[in-house]
Novice: 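The structure's right below; bear with me while I get my questions together.
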Amino acid sequence: MSDSLERLYQAVIAAKDLNPATSRTARLFQRGPAKMAKKLAEEAIEVVIDAVNGKTEAVVRESADLLYNLTVLWASAGVSPADVWREMERREHLLGIAEKLPKSAMKMPKAAPPRAPRRPIVALAARARKRH
């Protein structure tokens, strides 16, 4: 998956200076970060609506659009997929792969102990079994 997003990111970087009349990516770069953010939000909403309505195929299609628009916004902000992967790895070491960082800094562990055992991914494993 990270290879696919890296290739998409590189394609976005390559297309950002193309003719906006023929390149959606160049058009987004021309319109700026506010337009990029709006497109990303629109795609996220479409994914949510399709998921709530049980439209699996639409969720797949809209998720691909969401990832495209996310990579465009990353490129505009000077963020690379590698930056995101490093943050995900850092979080995994602190909290385990299935967790999101707490909003409050007070809830956040100061530092991960060396070679701390990782928590099991119970929620993800249980969800995977339900699909079959």
Novice: Only one of P20, S23, S76 forms a side-chain contact (heavy atoms from CB on, under 4.5 Å) with F29, so which one is it?
Specialist: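 Among P20, S23, S76, the one meeting side-chain contact (heavy atoms from CB on, under 4.5 Å) with F29 is S76.
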Novice: In Å and rounded to the nearest 0.5 Å, what is the OG1 to CG distance from T25 to L8?
Specialist: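 Going from OG1 on T25 over to CG on L8, the span is 8.0 Å.
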Novice: Any salt bridge between R86 and E89, counting N to O under 4.0 Å?
Specialist: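 A salt bridge is absent here (no side-chain N lies under 4.0 Å from a carboxylate O).
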Novice: Roughly how far, to the nearest 0.5 Å, is the CD atom of E42 from the CD1 atom of I45?
Specialist: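 Here the rounded value is 7.5 Å.
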Novice: Does the N53 side chain pair with the main chain of D50, one donor and one acceptor, at a distance under 3.5 Å?
Specialist: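 Side chain of N53 to backbone of D50, a donor-acceptor pair under 3.5 Å: no, none is there.
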Novice: I'd like to know if Y68 and W85 are part of one continuous hydrophobic network [Ile/Leu/Val/Met/Phe/Trp/Tyr, side-chain heavy atoms within less than 4.5 Å].
Specialist: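 Linked, W85 and Y68 end up in one cluster.
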Novice: Taking the side chain as everything from C-beta on, heavy atoms only, tell me whether K39 gets closer than 4.5 Å to M36.
Specialist: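 Result no, sub-4.5 Å side-chain heavy-atom pair not found.
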Novice: What residue among V52, L66, D65, V60 forms side-chain contact (heavy atoms from CB on, under 4.5 Å) with V47?
Specialist: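 Passing option: L66.
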Novice: Mark yes or no for whether N19, through its side chain, and A21, through its backbone, hold a donor-acceptor pair below 3.5 Å.
Specialist: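 Side chain of N19 to backbone of A21: a pair is present.
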Novice: Please round to the nearest 0.5 Å and tell me the distance separating atom OG1 of T71 and atom CD of Q10.
Specialist: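 Taking OG1 in T71 and CD in Q10, the distance rounds to 10.5 Å.
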Novice: Using 0.5 Å steps for rounding, measure from the CZ atom of R61 to the NZ atom of K55.
Specialist: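 Going from CZ on R61 over to NZ on K55, the span is 9.5 Å.
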Novice: May I ask you to test the T56-V59 pair for a side-chain heavy-atom distance under 4.5 Å?
Specialist: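 Contact flag for T56/V59 side chains = no.
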Novice: Of all the heavy-atom pairs spanning A75 and I13, show the shortest one and how long it is.
Specialist: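 Nearest heavy atoms, A75 then I13: CB-CD1, 3.5 Å.
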Novice: Are L5 and L67 close enough that some pair of their side-chain heavy atoms sits under 4.5 Å apart?
Specialist: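 SC-SC contact between L5 and L67 confirmed.
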Novice: For K35, run the side-chain contact (heavy atoms from CB on, under 4.5 Å) check against L28, L73, V72, L40 and tell me which one passes.
Specialist: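 Of the listed options, the one satisfying the test is L28.
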